[in-house]
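Written below as structure tokens is the structure these notes are about.
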Amino acid sequence: MATDYLTIARDADELAVGLRGDWLFDNVPSLEANLEDVDFSGNESVIFHCGGLQNIDIAGAWVLFHKSQEIKHQGREIGFRGFKEAHFKFLENITSLEDAPPLNDIRGRASGRLQSMVESVGESTLAGVADVGRIASAIFSGITQPSRIIWRETLSQFEQVAFRATPIVLLVCTLMGLVLAYQGATQLQKFGASIFVVDLVSISIVREMGVLLTAIIVAGRSGSAFAASIGVMNLNEETDALRVMGLNPDHVLVIPRVAALTVALPMLTVLGIMAGLAGGTLLCQLVLDISPSQFVQRAASAVDSADVFAGLIKAPVFALLIAAVSTLRGLQVQSSAAELGRLTTVAVVQSITLIILADGIFTVIFVRYGI
């Protein structure tokens, strides 16, 4: 038996239905009529051979699926053979509907997932607020009650943060001054405005790049050290030992690090600014024939007290952000070395992100008030 869209072949165990032609939306009535003319009343399995198809769309695939389900509900086996990849893509999407859960179940599951997600966000937010409150309380306690500060530990942390970080801060800021001067010279020389390279370098370094680069270096170096050292103490139960001895871990571990970094970062920022200006001076002398004395005179006229204030006022804020995030993540380490590594990385990433966010807020405020 053969029709415009079907060929039928029977044997003892199988009814082979061959599809051919175009199974498209415009031909749906003819497709349904052709399928109705086929006798599917036997006991053999029904196999649809689709190699003869020319074209098929979702409407044609649905007609085939509907008929196959009707036969399957009669208790007979259904199979599909010879699909081309393009044809099978339609039928794969359609036949997957057979095992799909009811719409109410889907809505229920989606609602449950949404509720679970909202609850998870809420729990994380509450935990974050509690952690931030804990660190803020420790910092406030250190400010209002200086006697609680362990000065020996604070000085030790200051040495680690300030003195040992000085070489890398000087190197990076010097290189940044060289890069800024070189990039500026490349562009401004085209317009005969080489002298304005000094303005570009001095204002950029003093207002933005000096403090920003220094803070990022400290976040990567000291922030990771804070998180790792406190995390290791948590893993070794040293913080529990402090509590047993009647000491508050926040006073012993958090306040000294916050105090040391808050003092050290402005000092490192000043050194970073000086290094950046030195790098710009060197490049201007080598490339633009601008002497150091000319550079200093031009920089002094380009930079005013507002620029210096705008740069230095950011340093204590960046220091508080770095110290708070790093100590908090260190205190959250509980179970394993893997968690220690993860939270140390989180501390660095979050510190740098908050530094850049705070810098953007400062910029908007300064522009708003003409600073």
Side-chain angles (χ1 to χ4, degrees), residues 153-184 200-232 253 256-284 286 292 299 308 310-330 340-341 343-359 362:
E153 177 66 13
T154 302
L155 292 175
S156 174
Q157 294 298 326
F158 181 82
E159 178 189 4
Q160 295 289 333
V161 172
F163 296 119
R164 299 196 179 186
T166 299
I168 186 63
V169 170
L170 292 176
L171 175 62
V172 172
C173 290
T174 301
L175 293 175
M176 179 53 64
L178 287 167
V179 171
L180 280 175
Y182 186 78
Q183 293 292 340
L200 171 67
V201 173
S202 57
I203 294 175
S204 298
I205 292 292
V206 171
R207 287 188 67 98
E208 289 290 339
M209 299 308 299
V211 63
L212 193 60
L213 278 176
T214 303
I216 290 174
I217 293 168
V218 170
R221 183 185 180 280
S222 301
S224 61
F226 288 175
S229 61
I230 296 176
V232 169
L253 303 177
R257 287 169 169 80
V258 173
L261 192 58
T262 304
V263 175
L265 189 57
M267 297 174 61
L268 289 172
T269 298
V270 172
L271 294 176
I273 290 173
M274 295 173 62
L277 293 176
T281 302
L282 178 62
L283 192 285
C284 288
L286 295 177
V308 177
L312 294 181
I313 195 63
K314 300 174 185 178
V317 177
F318 291 171
L320 286 174
L321 291 174
I322 296 168
V325 171
S326 301
T327 54
L328 171 61
R329 295 309 176 197
L340 173 64
L343 287 174
T344 300
T345 302
V346 169
V348 175
V349 172
Q350 290 184 344
S351 297
I352 294 175
T353 302
L354 289 175
I355 288 168
I356 295 174
L357 178 61
D359 186 65
F362 273 116

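The structure displayed is predicted, hence computed values, not measured ones.
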Worksheet item: Please walk me through it: do S326 and S351 pass side chain to side chain contact (heavy atoms under 4.5 Å, CB included)?
Response: CA-CA 7 Å; S326 301; S351 297; 3.9 Å; yes

Item to complete: Give the C-alpha distance, both sets of side-chain angles, the deciding distance and a yes or no for side chain to side chain contact (heavy atoms under 4.5 Å, CB included) between R257 and I230.
Response: CA-CA 11 Å; R257 287 169 169 80; I230 296 176; 4.0 Å; yes

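The shortest side-chain heavy-atom distance between L312 and V211 does not fall under the 4.5 Å cut-off. Residues L178 and L175 meet the side-chain proximity criterion, which asks for heavy atoms closer than 4.5 Å. A heavy-atom distance below 4.5 Å is found between the side chains of F318 and D359. Under the 4.5 Å side-chain criterion, counting only non-hydrogen atoms from C-beta, T262 is in contact with L320. Between C173 and T214 the shortest side-chain heavy-atom distance falls below 4.5 Å.
L286 contributes atom CG, which lies 4.5 Å from atom CG of L282 (distance to the nearest 0.5 angstrom). With rounding to the nearest 0.5 angstrom, the CE atom of M209 is 6.0 Å from the CG atom of L180. Taken from OG1 in T166 to CG in L171, the straight-line distance is 12.5 Å, to the nearest 0.5 Å. Rounded to the nearest 0.5 Å, atoms CG (L268) and CD1 (I168) are 12.0 Å apart. For the atom pair CZ of R329 and CG of L340, the computed distance is 13.5 Å after rounding to the nearest 0.5 Å. Rounding to the nearest 0.5 Å places CD1 of I355 at 12.0 Å from CD of Q350.
Here the closest heavy-atom approach between residue A264 and residue V161 is recorded as CB-CG1, 3.6 Å. When all heavy atoms are compared, the tightest approach of I352 to A219 is CG1-CB, 4.1 Å. Taking all atoms of both residues into account, the shortest heavy-atom contact from G220 to S224 is O-OG, 2.7 Å. Here the closest non-hydrogen pair linking V349 and T353 is O-OG1, 2.8 Å. Minimum interatomic distance between G272 and V169 (heavy atoms only, all atoms of both residues): CA-CG1, 4.0 Å.
Under the 3.5 Å distance criterion, the side-chain polar atoms of S204 are left unmatched by any main-chain donor or acceptor of V201. Side-chain atoms of K314 come within 3.5 Å of backbone atoms of R207 as a donor-acceptor pair (strictly under, hydrogens ignored). When atom types are taken as modelled, the side chain of S229 and the backbone of F226 share a donor-acceptor pair closer than 3.5 angstrom.
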